[in-house]
Amino acid sequence: MMRKSMMSGLLCATALLAATSAAIAEPVAVTGGKIVFDGRKAPIDNGTVVFDNGRILAVGPTGTVTIPKGARVVDASGKWVTPGLFDAFTRVGLAEAGADDASNDTVARTAKHSAALDLSLGFNPRSSVLPITRAEGVTRIAGVPEAGASLLGGYGFVADMSGAGASITKAKALFLVEWGEGGAGRAGGSRPAANAWLEAAFSDAERFPAAFTGSGEADVLRRADAEALQPVLRGEVPIFFRVNRASDITQVLAMVGKRPKLRPIIVGGAEAWVVARELAAAKVPVLLDPIPNLPEAFESLGATRQNVTRLAEAGVTFAIAHATGADAEFQARLLPQLAGNAVANGLGWGAAFAAITSAPAEILGLGGQLGTLAAGKIADVVVWDGDPLELSSSPSAVFINGVETGLTTRQTRLRDRYHPTRASDPLPQAFR
Amino acid sequence: MSRPVRSKSVRLPGKTARLLACGIGAGALLAFAFAPPAFAAKKKKDAEATKPAADAPKEPVRVNANPYPSTYKPLPSGVTLIRNATVFDGVKAVLNGTDVLIEGGKISAIGTRLAAPAGATIVDGTGKFLTPGIIDAHSHLGVYPTPSVAAHSDGNEATAPNTAEVWAEHSLWPHDPGFQRARAGGVTAMQILPGSANLFGGRGVTVKNVPALTAQGMKFPGAPYTIKMACGENPKRVYGQKAGPSTRMGNMAAYRASWIKAQGYVQKWDKYYKKFADKPAEAEAPERDLELETLAGVLKGEILVHQHCYRADEMAQILDMAREFNYKVTAFHHAVESYKLAPVLAKEGVCSMMWADWWGFKLESYDGIRENIPFVHAAGACAVVHSDSELGIQRLNQEAAKALSDGRKAGLTISDGEAWSWLSANPARSLGIFDKTGSIEPGKAGDVTLWSAHPFSVYAKAEKVFVDGALVYDQTDRTRQALSDFELGQIGEGDVK
């Protein structure tokens, strides 16, 4: 068992190393643009960002930053330069066409295992969804599983959108627990059943491996699942609790209160605003989508677009993501629109932008590497033709790990093939 | 811009009755009689044989085309003068620094420095934008209301591939909180459709977006009936494991078989009326068939066809089928591939109801591109932004904005004013209500939305929404934020949602 965990740790480290070393890039200087570090720090109107070998070397007002000899200079005058956007709740690269089960790895409804499922193994960096995602400025995602038969959904991961073979930034970056109505249904039909089941699962994992030897008695988990939960119990991996009702959030806080090492993150959190003070006091972050405002279920009667503003006012740490799971496979690219709507509903622009850059990175423990434009960070840099949260804006250049990705996608190829100016071409589109 | 065929009244030779006339306002069809059950007709006929001819019925059996008439009455309104706004006329023009006067529920004047009639409410539109209210041509509010619990699943009568006999208005729950959210998004009217499980899903209903106790209280007076049809994956998925169809060719065969039956039904009634004209005592009215009544209404051009159809090749099959049975397709919905067939759609005068960028969720949506809407527009075809979503309906202006921007970046020249036609004039045309709403021009309904900023900005909010001149939503006035019965006494009641 020890050997197995060490192996997986080693694999993680290898993946990280591979991601970094994949970034073999020329030195680049993006000059003259409006630099938005992450939304928290005041922007620079005319700044320069320099990066090389996948890492940012320097950021500052143009003229104060040394541009390395031989660097490629990208003129960003009149443009905005930001860190790449980070959607902390997606299923990008995990499904090719949503309703096609065979190519969809987001969920395993009849799998025997639960906690042991490692979603990174289903990630396809060559999926056509990746270029479509990055062309709109989203450079990092968390891939989050959907819970199958069990309320334990297993491990999710963080990946870049480069499409390069080694694009997993961190496997086992998060662990999913389905709570609320969804958890109750999976545990046998009620919230008490979900509580009892999860307590039993934690207990099984805490008694691993003893509970799985000859005389031991495991309650609800299989051996591999109990083993897989160890990093979660040690607090090495945050737990995404998918939960909406205020009382269910309180239950999460109570449960983790008994196990201080656990690192809960409230995901969805339609009624998080109701318990905002408790969340702030417990320093539990929230991942939310600021759009849903309808009582989709009885557990989200209090859904409101004011949620994000109220959490911000109460001092809760939050990030904006496709946290309901809706559109998470294909529309991570709409992350700026989510943040823009949060601004329209009263959140400050800087806070909204941080909520799609630095905040998700920090919540996932990657704040040291990602999320802002700062020397030493991974060079995910996007040049925009306007305010990145505005509907008419789009990237004019995207760099991931310091390498420019290009903005061509399967969709732009279709666009060009069917462009109205080509309507009178004599040959069928398939020849274009 | 193409214009879909509007509903027509159909006169039968020598008759004054409209057969299966739909799309007429309350009161337009008063003469009707209940079709007698077959046994009663037979009994009556037997009796007639022994009676003098003078006792023969004077009028033929007529089917009431409007048995669930609109009871909508505009909410009380005064005179409103919106001053100095940037006005989108909803068709093409954008007028700076313009005043709009709404009197008696209708737009009465558009100009500069309009005199305020006595008692008029003045709204300062300086720095703001006034547009026709958004019309969503594809909504399931009320039939798939929130909370989305099983008890509320009233949008798909998924019991047979042809359920042309069901009417969405009979499922519509007017207390759906989604209506209020849509008002806050500037939506003043919408078409509510059955779902897409079936080839023939049933009749749609067009409503004014006002709080009401009943579906009838929301029904848009004078709007024609529509029918929802569906292509492709959904019907074959739903019925593939049942009695079929299980393939696209099966879908087509089943539609065609239904149209053949509908043609027979039309002929049966034609024959009856002809007979009645000659020998009223001997004429026996056919038995009514609700499913075929709806399909016959389509064949007679009285019911507008709104067909869910993603793929361009399937659209082409449907258009040939419409020719085969001599009816008109008004619009393709979820028309993700309309850009591939745009010149044909322009020529055929068929609208495309589209999302800005939703794609990928199933294979028939795999070829979605962000330029679909502007490409359809550029081909001279009718482009409409629709939602099919209780969340999307709240920000259709944003969807249009994205599509406009992507079209421009692809090199097309489209003005802001033209793009607003995707949200008002074109959906109004596709629903047969453009003579009443969908543009800001004198004589049209006072269905308008005042925006805090340019409505193609993500930061814009609908500040005030008027339906027939009545203020139905005000962002800053709690007394004009309707609260559905369902949300009364619940957590977050009265929140600005």
Side-chain angles (χ1 to χ4, degrees), chain A residues 95-100 128-129 132 136 245-246 271 273-274 291-306 326-327 329-331 333-334 336-337 339-341 343-346 349 385 387 389-394 410-421 423 429, chain B residues 146-149 176-178 181 184 233 237 339-340 342-343 356-372 374-375 378-379 390-391 394-395 397-399 401-402 404-406 408-412 452-453 456-461 486-487 490-493 495-497:
Chain A
E96 299 297 336
D100 176 48
S128 66
V129 186
I132 288 166
E136 301 206 35
R245 198 169 85 178
E271 294 184 355
W273 61 273
V274 178
I291 297 285
N293 61 347
L294 279 160
E296 293 290 349
F298 277 96
E299 65 181 351
S300 54
L301 289 180
T304 168
R305 287 183 185 171
Q306 305 305 309
D327 289 342
E329 292 95 339
F330 306 101
Q331 297 291 57
R333 60 181 180 162
L334 299 186
Q337 193 182 357
N341 275 276
V343 175
N345 289 305
W349 192 96
D385 60 7
D387 170 359
L389 302 188
E390 190 51 280
L391 300 162
S392 56
S393 302
S394 58
R410 188 173 172 279
Q411 296 189 351
T412 64
R413 299 288 305 280
L414 280 164
R415 174 195 70 198
D416 296 345
R417 181 175 262 200
Y418 289 91
H419 198 284
T421 53
Q429 286 83 359
Chain B
T146 49
S148 310
V149 294
D176 185 348
R181 308 294 197 279
E233 291 182 27
R237 185 181 65 243
Y339 69 95
K340 296 186 182 179
D357 51 19
W358 212 24
W359 77 288
F361 45 90
K362 51 183 170 170
L363 200 60
E364 59 193 0
S365 69
Y366 195 62
D367 280 3
I369 65 169
R370 297 179 305 181
E371 296 79 5
N372 191 25
F375 278 12
E390 68 276 21
L391 293 173
Q394 301 178 41
R395 49 175 190 283
N397 57 310
Q398 296 184 15
E399 299 307 293
K402 287 187 290 183
L404 174 62
S405 171
D406 291 328
R408 286 175 176 164
K409 286 177 183 177
L412 304 178
S452 62
F456 289 152
S457 166
V458 76
Y459 306 123
K461 299 289 286 180
F486 177 76
E487 294 195 279
Q490 306 273 26
I491 183 172
E493 173 192 330
D495 250 355
V496 176
K497 298 289 187 177

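Both backbone and side-chain heavy atoms feed into the values below; hydrogens, waters and symmetry mates do not. Proteins come first, then strands; the chains are lettered A, B, ... in the order of their sequence lines, and each starts at number 1.
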Tell me the closest heavy-atom pair linking B:S457 and A:L391, and the distance in Å.
C-CD1, 3.8 Å
Residue pair A:D327 / B:F361, side-chain heavy-atom distance below 4.5 Å:
no
A:R333, part contacting chain B, at a heavy-atom distance under 4.5 Å
side chain
On a heavy-atom basis, the closest approach of A:A246 and A:E271 is N-OE1, 3.0 Å
Residue, of B:K362, B:K402, B:R237, B:R408, that accumulates the most heavy atom pairs under 4.5 Å with chain A:
B:K402
Examine whether an atom of B:A379 lies under 4.5 Å from a heavy atom of chain A, and if so say whether it belongs to the side chain, the backbone or both; otherwise answer neither.
neither
So what's closer than 4.5 Å to chain A heavy atoms on B:K340: side chain, backbone, both or neither?
both
Which bit of B:S405 is near chain A, if near means a heavy-atom gap under 4.5 Å: side chain, backbone, both or neither?
side chain
Chain A contact via B:Q398 - which portion, at a heavy-atom distance below 4.5 Å:
both
Among B:E487, B:Q490, B:Q394, B:K461, single out the residue with the greatest number of heavy-atom pairs under 4.5 Å to chain A.
B:Q394
Contacting moiety of B:F456, where chain A heavy atoms sit under 4.5 Å
backbone
Chain A shares the most heavy-atom pairs under 4.5 Å, among B:A401, B:A378, B:P177, with B:P177
Got a second to check how far A:N341's CG is from A:I291's CD1, nearest 0.5 Å?
3.5 Å
Decide yes or no for A:Q429 and A:Y418: does some side-chain heavy atom of the first lie under 4.5 Å from some side-chain heavy atom of the second?
yes
Residue selection (most heavy-atom pairs with chain B, distance under 4.5 Å) from A:S393, A:P295, A:A99, A:P336:
A:P295
B:P147 and A:F298: which non-hydrogen atoms are nearest, and at how many Å?
CG-CE1, 4.0 Å
CG of B:D495 to OG1 of A:T304, rounded to nearest 0.5 Å, is 4.0 Å
In terms of heavy-atom proximity below 4.5 Å to chain B, should A:S394 be classed as side chain, backbone, both, or neither?
both
Between chain A and each of B:E364, B:R370, B:R181, count heavy-atom pairs under 4.5 Å; write down the option with the most.
B:R181
Is any side-chain heavy atom of A:R415 closer than 4.5 Å to one of B:F375?
yes
The interface call for A:E136 against chain B, heavy-atom contacts under 4.5 Å, is side chain
Verdict with reasoning, B:N372 to B:W359, per side-chain contact (heavy atoms from CB on, under 4.5 Å)
CA-CA 11 Å; B:N372 191 25; B:W359 77 288; over 6 Å; no
Heavy-atom proximity to chain A below 4.5 Å, by part of B:R395:
side chain
Tell me, for A:Q337 versus chain B, whether the close heavy atoms (under 4.5 Å) come from the side chain, the backbone, both or neither.
both
Sort A:E96 into side chain, backbone, both or neither according to what part of it lies under 4.5 angstrom from a heavy atom of chain B.
both
A:R413 side, atom CZ; B:D367 side, atom CG - distance, nearest 0.5 Å:
12.5 Å
Residue part contacting chain A, namely of B:E390, when any heavy atom lies under 4.5 Å
both
So which heavy atom on B:L412 is nearest to which on A:P420, and how close?
CD2-CG, 4.0 Å
For B:E493, is it the side chain, the backbone, both, or neither that has a heavy atom closer than 4.5 Å to a heavy atom of chain A?
neither
Examine whether an atom of A:D385 lies under 4.5 Å from a heavy atom of chain B, and if so say whether it belongs to the side chain, the backbone or both; otherwise answer neither.
side chain
Measure A:D100 against the heavy atoms of chain B and call it side chain, backbone, both or neither at under 4.5 Å.
neither
Heavy-atom pairs under 4.5 Å with chain A, option from B:A356, B:A342, B:S148 with the top count:
B:S148
Taking side-chain contact (heavy atoms from CB on, under 4.5 Å) as the definition, give me every residue that meets it alongside B:L363, ordered by chain and number, with sequence neighbours left out.
A:A97, B:E233, B:Y366
Please flag which part of A:L389 lies under 4.5 Å from any non-hydrogen atom of chain B: side chain, backbone, both or neither.
both
Non-hydrogen atoms of chain B under 4.5 Å away: do they reach the side chain of A:A95, the backbone, both or neither?
neither
For B:E371 and B:D406 the tightest heavy-atom approach is CG-O, 3.8 Å
State, with a plain yes or no, whether a side-chain heavy atom of B:T146 is found less than 4.5 Å away from one of B:F486.
no
If you tally heavy-atom pairs under 4.5 Å between each of B:L404, B:V149, B:D357 and chain A, the highest tally belongs to B:D357
Option in A:E329, A:R417, A:R305 with maximal non-hydrogen atom pairs under 4.5 Å from chain B:
A:R305
Correct closest heavy-atom pair for B:K409 and A:S392 would be NZ-O, 2.7 Å
